[in-house]
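One-based numbering, in listed order, for ligands and for the atoms of each. Any value given below was found using the heavy atoms of this structure, including those in side chains, with hydrogens, waters and symmetry copies removed. Just so you know, residue 1 is the first one in the sequence shown, and it goes up from there. Since this is a predicted model, take the numbers as computed values, not measurements.
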Amino acid sequence: MDNIKINGIKTYAYHGALEAERVLGQYFITDIVMYLDLTEASGTDDLNATVHYGEAYQLVEAVIRSEPVNLIEHLAEKVSRTLFDRYDRILEMDITITKPSPPIDGSYENVSITLNRKRDN
Ligand SMILES: Nc1nc2c(c(=O)[nH]1)N=C([C@H](O)[C@@H](O)CO)CN2
């Protein structure tokens with residue numbers, strides 16, 4: 001299926017299950033894949049026939065900057081609901097949220113979750 005991707009949204013926020021994360025904050029990286037039919041937009045060259053990825057970016061950024069939550073899974077769910085509610089054209093989404101440097105000891109690159117949500121979920 002056709003899709004629009006917004007890659008590497010980098011936001012400083014205060015989500016996390018630890019009090020220290022709520023106080024100090026950290027960067028979150030969000031990657032979005034929105035699945036929709038781009039036949040009309042690709043044929044008509046009409047911005048109104050697609051999802052404006054700049055507008056979608058602003059909506060995602062606002063959710064990531066909003067009230068802190070414990071889990072990045074819950075944060076991703078909030079992002080998917082916001083985009084589904086705003087854009088009827090979106091049929092399915094993949095939302096990946098990465099913590100590049102979580103306060104967890106160990107040797108690893110980063111941690112992330114990915115939600116796949118369909119409109120009728
Ligand atoms: N599956 C998840 N596991 C954990 C999360 C999370 O959001 N999803 N968060 C934490 C803490 O916030 C961690 O970053 C610091 O202890 C732990 N595990």
Side-chain angles (χ1 to χ4, degrees):
M1 187 188 311
D2 301 336
N3 67 67
I4 297 172
K5 295 184 175 74
I6 306 176
N7 305 304
I9 301 171
K10 186 174 181 181
T11 316
Y12 202 85
Y14 297 85
H15 309 290
L18 287 186
E19 182 58 23
E21 294 177 286
R22 301 298 181 96
V23 174
L24 300 174
Q26 62 192 294
Y27 279 105
F28 293 78
I29 309 294
T30 306
D31 301 292
I32 310 285
V33 185
M34 298 175 279
Y35 296 94
L36 71 168
D37 183 349
L38 295 176
T39 303
E40 184 186 354
S42 63
T44 63
D45 197 23
D46 180 355
L47 183 56
N48 294 314
T50 184
V51 168
H52 188 309
Y53 45 63
E55 183 186 276
Y57 160 78
Q58 295 294 339
L59 290 171
V60 173
E61 181 79 10
V63 171
I64 306 297
R65 288 178 183 276
S66 66
E67 189 69 24
V69 299
N70 291 321
L71 303 181
I72 50 180
E73 288 93 329
H74 186 58
L75 187 60
E77 186 67 36
K78 290 176 67 174
V79 169
S80 73
R81 289 178 185 168
T82 297
L83 292 174
F84 273 135
D85 289 350
R86 171 66 183 80
Y87 302 109
D88 294 341
R89 292 181 184 275
I90 300 175
L91 303 174
E92 183 176 348
M93 257 183 274
D94 297 329
I95 303 100
T96 300
I97 298 183
T98 302
K99 280 185 178 177
S101 306
I104 298 176
D105 288 343
S107 176
Y108 52 91
E109 287 295 312
N110 57 58
V111 294
S112 69
I113 61 93
T114 296
L115 295 188
N116 170 265
R117 290 290 179 269
K118 295 177 176 59
R119 175 165 287 282
D120 52 5
N121 270 154

Atoms of ligand 1 close to [X] [distance to a heavy atom under 4.0 angstrom, numbered from 1]:
| X | result |
| --- | --- |
| Leu18 | 15 (C), 16 (O) |
| Gly16 | 12 (O) |
| Ala17 | 11 (C), 12 (O) |

*Under-4.0 Å protein heavy-atom contact, atom 18 (N) of ligand 1*: no
*Considering only protein heavy atoms, determine whether one is less than 4.0 Å from atom 3 (N) of ligand 1.*
no
_Would you say Asn7 and Asp31 are linked by a side-chain donor-acceptor pair, where the criterion is simply a distance under 3.5 Å?_
no
*Under a 4.0 Å N-O cut-off, is there an ion pair linking Lys78 with Glu67?*
no
What is the closest protein heavy atom to [atom], and at what distance does it sit?
| atom | answer |
| --- | --- |
| atom 5 (C) of ligand 1 | Leu71 CD2, 4.0 Å |
| atom 9 (N) of ligand 1 | Lys99 NZ, 4.0 Å |
| atom 7 (O) of ligand 1 | Ile72 N, 2.9 Å |
| atom 1 (N) of ligand 1 | Glu73 OE2, 2.7 Å |
| atom 15 (C) of ligand 1 | Glu21 OE1, 3.3 Å |

_Taking the side chain as everything from C-beta on, heavy atoms only, tell me whether Ile64 gets closer than 4.5 Å to Ile9._
no
Test item: [X] side-chain N/O and [Y] main-chain N/O as donor-acceptor pair under 3.5 Å:
| X | Y | result |
| --- | --- | --- |
| Glu55 | Val51 | no |
| Tyr12 | Gly25 | yes |
| Ser42 | Thr39 | yes |
| Arg22 | Gly16 | yes |

